[in-house]
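Structure, as structure tokens:
Chain letters run A, B, ... following the sequence lines, proteins first, then strands; residues in each count from 1. Bear in mind that the values here come from a model prediction, so they are computed numbers and not experimental data.
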Number of protein chains: 2
Amino acid sequence: MSDERPEPGTVRPGGRTAKVREAVLRAAGDALAEDGFDRLDLAEIARRAGVGKTTVYRRWGTVPGLVADLLTEMAEDSLPRTETGTLLGDLTAQARLVQSTLSDARQGPLFRALITAAACDPQTADALHRFYRIRTEEWAPCVTAAIERGEIPEGTSPAELISAVSAPLYYRLLITGTPIDQPAADRAAQAAVTAAKAGAFIA
Amino acid sequence: MSDERPEPGTVRPGGRTAKVREAVLRAAGDALAEDGFDRLDLAEIARRAGVGKTTVYRRWGTVPGLVADLLTEMAEDSLPRTETGTLLGDLTAQARLVQSTLSDARQGPLFRALITAAACDPQTADALHRFYRIRTEEWAPCVTAAIERGEIPEGTSPAELISAVSAPLYYRLLITGTPIDQPAADRAAQAAVTAAKAGAFIA
DNA sequence: CCTTTAACGCAACTGGAGTTCCGTTATGAG
DNA sequence: CTCATAACGGAACTCCAGTTGCGTTAAAGG
């Protein structure tokens, strides 16, 4: 009984199929940023993308499924990382990047919607975890360099330290609603570095 | 044109009305914890609560509206606060309380659902912000006491410090999916205290 | 260039979340 | 106790998100 058919879009991924995926993911990002996760209608996405709604339902099925695919694509293009020569400098740059992303008129609502979608669906959650694991690994060299320079103790976990910088900003975005401004970013970086120097992030 | 009618349940809040509210909010909490925010159906809530679905739709209208009311009720019963005599002791207790809540089989999913609902609706977001503002204020005395004892510098913002303890744990719950264990809680408290002593949370 | 069929798109259909109607219960005031 | 009406509950209805059927377009292999 080999009635297993491949995922739509995998056998002939060229030309039209790729254009459809690109248009739909772009429309999905726009709609998520504008309306949020729960008000999403796949038919509306199809209309925006100039694509038949049947196609969207057939290839992605559900809103979380579509968001998971969007996250997979977002994980592919990486961010420029600043090298300032000090841990505080590097992590302040990271904090300010997160700050400007989360307070951006499009990106802020988009990230909130992505996290929301992940909270509702295991498959999307996996995609989100992968996305942040990749982003964290991209910043890890800052930490290992600081260890080599002797700024922070050996055994400090890069992932723990990097997360500690972002966490307070996401906490504002999702929990308290306090504005995510540059002082908040600088404080997050400063606090994380101070704690790291004292050995708080040794796994 | 005074065709403004009061919210249902405000004119005769006694007996039956109160019982209905209690039953519905309890059912809503159960359903949120089990199924999550997006799979919520007000008719299902009504069934669980042993109440007509018309009643639920009339009084709360939408899922976010119901969640907002649930948050308002949750904000009313407060938590026992531990007093250990040191800032690290108090904040470790706080971190462990958050840790055990978020990793609890019922409470973890419930909080995730509440935060999700708030991300989808402004009214619910207000209710969530109020909930956490109240919880933060309940813990603030730990911080002011520590300032008086001279453990941390004057001008340290209680809200900033308290948030810094919780943030890494919520970051795990919502973003990375890393397990929320006791070492993580202890590390969060330790890092926050270290940073606070160095003056990282002076507004 | 020709053939096969994956993938798309239109239009008709379906199921269930949310609404409306109206009769019933019981709260709170006098 | 009695009365007016706030609030509840069952059932029928509406509307649209999501599905299905089928004909059309174009990707990939020869």
Is any N or O donor-acceptor pair between the side chain of [X] and the base of [N] shorter than 3.5 Å?
X	N	result
A:Arg16	C:dG9	no
B:Thr54	D:dG10	yes
A:Lys53	D:dG18	yes

Reckon [X] has a side-chain N or O less than 4.0 Å from the OP1 or OP2 of [N]?
X	N	answer
B:Tyr57	C:dT19	no
B:Thr55	D:dG9	yes
A:Arg58	D:dG18	no

Could you state the atom-to-atom distance from [atom1] of [X] to [atom2] of [N] in whole Å?
X	N	atom1	atom2	value
A:Leu66	D:dA17	CG	P	16 Å
B:Lys19	C:dT27	NZ	C1'	13 Å
B:Glu44	C:dG18	CD	P	12 Å
A:Asp38	D:dA17	CG	P	13 Å
B:Arg47	C:dA17	CZ	P	12 Å
A:Asp41	D:dT19	CG	P	12 Å

Taking only the side-chain heavy atoms of A:Arg59 (C-beta and beyond), determine which of D:dA17, C:dA7, C:dA17 contains the nearest atom.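 The answer is C:dA7.
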
Establish, from distance only, whether the side-chain atoms of A:Thr84 and A:Asp90 form a donor-acceptor pair under 3.5 Å.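 Yes.
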
If we ignore angles and hydrogens, is there a donor and acceptor under 3.5 Å between the side chains of A:Glu148 and A:Thr144?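 Note: A:Glu148 and A:Thr144 side chains miss the donor-acceptor criterion.
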
Kindly check if the number of other-residue, nucleotide or ligand heavy atoms within 6.0 Å of CD (B:Glu34) is above 12?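 Above 12, so yes.
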
Nearest-nucleotide 5' precedence on DNA chain D, A:Leu42 against B:Arg21: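 By nearest-heavy-atom nucleotide position, the 5'-most residue is B:Arg21.
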
Would a line drawn from the ring center of A:Phe37 to the ring center of B:Phe37 be shorter than 6.0 Å?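 Between B:Phe37 and A:Phe37, which both carry aromatic rings, the centre distance is not below 6.0 Å.
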
I want to check something: taking the side chain as every heavy atom from C-beta on, are B:Leu161 and B:Leu87 in contact at a cut-off of under 4.5 Å?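 Yes. Closest side-chain heavy atoms under 4.5 Å.
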
Along DNA chain C (nearest heavy atom to each residue), the more 5'-positioned of A:Val20 and B:Leu40: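 Nearest-nucleotide comparison on DNA chain C picks A:Val20.
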
